[in-house]
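Here is the structure we will look at, set down as structure tokens.
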Amino acid sequence: MVVLVILMLVVTVLAVAVVGVVAVPAHRRGRDVLTAKGEGVARAARQRVGTLGRTRARTH
């Protein structure tokens with residue numbers, strides 16, 4: 001079980017390293033990380049979460 005947990009941590013660190021090597025420099029150069037459709041999905045999700053937070057705040 002310990003080996004499995006260690007391997008999962010290694011995979012997570014490798015994934016973060018790949019994002020750091022690819023996405024961060026591209027974003028700094030002004031390129032979008034998400035496509036236009038992805039930006040729309042992210043914007044819609046942010047709006048839904050904001051609406052949900054306001055709705056739940058009024059119910060308590």
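For this chain, numbers begin at 1 and follow the sequence in order. As the structure is a prediction and not an experimental result, all values here were calculated from the model.
Here V41 sits alone; no ILVMFWY side chain lies under 4.5 Å from its own, so it joins no hydrophobic cluster. Through side-chain heavy atoms spaced under 4.5 Å, either directly or across other Ile, Leu, Val, Met, Phe, Trp or Tyr residues, L9 is tied to V5. Cluster partners of L7, using a side-chain heavy-atom cutoff of under 4.5 Å among ILVMFWY residues and allowing indirect links, are V3.
The minimum heavy-atom distance between P25 and G20, with the atom names listed, is CD-O, 3.2 Å.
M1 and M8 fall within a single hydrophobic cluster, where Ile, Leu, Val, Met, Phe, Trp and Tyr side chains are chained together by heavy-atom contacts under 4.5 Å.
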